[in-house]
2 protein chains.
Amino acid sequence: MSRTEPAGMFTIGEAARASGVKVPTIRYYEEIGLLPAPPRTEGGRRSYGAADMRRLAFIRHARELGFEIEAIRTLLQLQDQPDQSCAAADAIARDRLIEVERRIASLTALKAELQRMVEGCSHGHVAACRVIEILADHGECRHHHGPAEPGGLGR
Amino acid sequence: MSRTEPAGMFTIGEAARASGVKVPTIRYYEEIGLLPAPPRTEGGRRSYGAADMRRLAFIRHARELGFEIEAIRTLLQLQDQPDQSCAAADAIARDRLIEVERRIASLTALKAELQRMVEGCSHGHVAACRVIEILADHGECRHHHGPAEPGGLGR
DNA sequence: CCTAACTCCTCTAGCGACTAGAGGAGCAAG
DNA sequence: CTTGCTCCTCTAGTCGCTAGAGGAGTTAGG
C-alpha cells in the first residue's frame with residue numbers, strides 16, 4: 001500500500017466517495033460549522049478520521065431525509081450528549097414527518113390537476129389547449145389557493 | 001369614485017391583491033421579463049391593464065402548480081401564438097406530472113422511514129434513541145441512496 | 001393648504017444549500 | 001522529471017424570491 005495519509009485517516013476525496021457527499025459540499029459543511037475542521041497533513045490537506053466519517057454519514061442521511069441544516073446541527077449536538085433525553089430529537093423527527101405528510105397531500109392535489117390538464121389536451125392547437133386553458137383560468141380548477149408546495153415550487 | 005388611475009387600469013397593489021402575487025414579486029417578474037413592463041402614470045407608477053392581470057393570474061397559477069419560471073416563460077409564449085400546436089405545452093405539463101409523481105413516491109418512502117424513527121423512539125435518553133440511531137447508521141434502513149428530493153431537501 | 005398615513009419608487013443585500021470556476025500547489029506513477 | 005490527478009483557497013452564481021433603506025407620489029381629513 002502506498003498511502004501518504006496517516007493510518008486510519010482519509011482524504012477529502014475518500015470521504016466524499018465513502019459518504020456520497022461531494023467534495024465542495026464537505027468543505028461547505030466545515031465552513032458552516034456542521035463538520036469540525038479536521039487536522040491537516042504537512043502539505044495542508046484535510047485528513048479525516050473515523051469519527052468524522054461517521055458524522056458525515058449521519059449528515060448525509062439526515063439531508064436525504066430532508067432535515068434542514070439547522071435541524072441536523074441540533075441532532076448532532078444531541079448525539080454528542082447521549083445522556084440527555086431524546087425528546088428534542090423526537091420532536092424534530094415528528095415535525096419533519098408532519099411536513100412530509102403535508103407535502104404529499106399537496107403534491108397529490110397537484111398531480112390530480114396536472115392529470116386533468118394532460119388528459120384533457122386534445123393535441124390540437126394552442127387556442128383549444130386544455131393545458132393553457134386551465135392555467136389561464138384559475139376558476140376552472142378544484143385547486144384552492146395557497147402555495148402548492150411550501151418552498152413555492154417542487155424543485 | 002376617486003380614482004387617479006386611468007379607467008380600467010390597476011396599481012401594482014391592486015394587481016397584487018387580485019392575483020395573490022406579492023408586490024415585490026410582480027416587480028421581480030417584470031425584471032426577469034416574465035411580465036411586460038407596463039405603462040407608467042405621470043407620477044411614475046406602474047399601471048396595469050386587463051391583459052396584464054390575466055397574465056399575472058396565469059403565472060400565479062402555474063407557479064402554484066410548481067412550474068419553473070423558464071417553463072412558464074415557454075407556456076406564455078405558446079399562449080401568445082394560439083395557432084401553433086399545443087404539443088410543447090402538453091410536453092411541459094407531462095414532464096411536470098412525471099416529476100410530481102416521482103416526488104410523491106420519494107416522499108412516501110421518506111414518510112415510512114420517519115415513521116419508523118418516531119414510532120421506535122422509546123422516549124428515553126439519546127443513547128438508546130431510535131431517531132439518532134437510524135440517522136447514524138444508514139445500513140439500518142430500507143431507504144436506498146440518491147437524493148430523496150431532487151432539490152436536495154423538501155423545502 | 002397642510003399634514004399624516006399610505007402606497008409606491010429604486011436599489012442593494014440576503015436567504016438556503018449548495019455549485020461552478022479560476023488559479024495555484026501537492027503528490028503518485030511512469 | 002514530467003504528466004495527470006487531487007487538493008487548496010477564493011469569488012461568484014444558482015433559484016425564486018424576501019427584506020430593508022431611503023425617498024417620492026398620493027389620498028383623506030382637518
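Each chain gets a letter, A, B and so on, in the order its sequence line appears, and its residues count up from 1. In this text the structure is predicted, and so the values were computed from the model without any measurement.
Contacts of B:Ile32 with the nucleic acid, taken as non-hydrogen atoms under 4.0 Å apart, are absent.
Between B:Arg60 and B:Glu64, at least one side-chain N (NZ, or NE/NH1/NH2) sits under 4.0 Å from a carboxylate O, which counts as a salt bridge. Comment: A:Arg102 does not engage A:Glu99 in a salt bridge, judged by the lack of any side-chain N to carboxylate O separation of less than 4.0 angstrom.
Within a 6.0 Å sphere centred on CD of B:Glu42, other residues, nucleotides and ligands contribute 12 heavy atoms or fewer.
Of all heavy-atom pairs spanning B:Met9 and B:Gly49, the tightest one is SD-CA, 3.8 Å. Nearest heavy atoms, B:Ala89 versus A:Val131: O-CG1, 3.9 Å.
Atom CD in A:Glu42 sits roughly 15 Å away from atom C1' in C:dA25 (whole-Å rounding). Taking atom CD of A:Glu31 as the reference point, atom C1' of C:dA17 lies 11 Å away to the nearest angstrom. One interatomic measurement links the two molecules: CG of A:Leu34 to C1' of C:dG16, which rounds to 13 Å at whole-angstrom precision. Put simply, CD on B:Glu70 is 8 Å from P on D:dC15, counting in whole angstrom units. In this structure, B:Glu64 atom CD and D:dC17 atom P are separated by 12 Å, rounded to whole Å. Between the CD atom of A:Glu68 and the C1' atom of C:dC18 there is a distance of 14 Å, rounded to whole Å. When the C1' atom of D:dC17 is taken as reference, atom CZ of B:Arg60 falls 14 Å away, rounded to whole Å. Rounded to an integer number of Å, the gap from B:Leu65 CG to D:dG16 P is 15 Å.
If you check distances only, the side chain of A:Arg27 never reaches the base of D:dT9 with a donor-acceptor pair under 3.5 Å.
Phosphate contact (OP1/OP2 of C:dA17, side-chain N/O of A:Tyr29, threshold under 4.0 Å): absent. Regarding contacts with the backbone of D:dC7, a side-chain N or O of A:Thr11 is found under 4.0 angstrom from either OP1 or OP2. An OP1 or OP2 oxygen of D:dT9 is reached within less than 4.0 angstrom by a side-chain nitrogen or oxygen of A:Arg40. At the phosphate of D:dC8, OP1 or OP2 sits under 4.0 Å from a side-chain N or O atom of A:Arg46. Within the structure, a side-chain polar atom (N or O) of B:Lys22 is placed less than 4.0 Å from OP1 or OP2 of D:dT18. Phosphate contact (OP1/OP2 of C:dT19, side-chain N/O of A:Thr25, threshold under 4.0 Å): present.
Taking every side-chain heavy atom of B:Arg63 into account, D:dC17 is the closest of C:dC9, D:dC17, C:dA17. Side-chain proximity of B:Ile12 to D:dT26, C:dC8, D:dC7: nearest is C:dC8. The side chain of B:Arg45 approaches C:dC8 more closely than any other nucleotide in the set C:dA17, C:dC8, D:dC17. Set against D:dT26, D:dG16, C:dC18, the side chain of B:Thr41 has D:dT26 as its closest nucleotide. Across D:dT26, D:dG16, D:dC7, the shortest atom-to-atom separation from the side chain of B:Tyr28 is found for D:dG16. Taking the side chain of B:Val23 as heavy atoms from C-beta on, and the options C:dA17, C:dT10, C:dC8, the nearest nucleotide is C:dC8.
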Which is it for A:Ile12 and A:Arg45 under the side-chain contact (heavy atoms from CB on, under 4.5 Å) test, yes or no, and what are the steps along the way? CA-CA 8 Å; A:Ile12 198 170; A:Arg45 285 150 184 237; over 6 Å; no
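Residue-to-nucleotide proximity on DNA chain D shows that, of B:Pro24 and A:Gly13, the 5′-proximal contact is made by A:Gly13.
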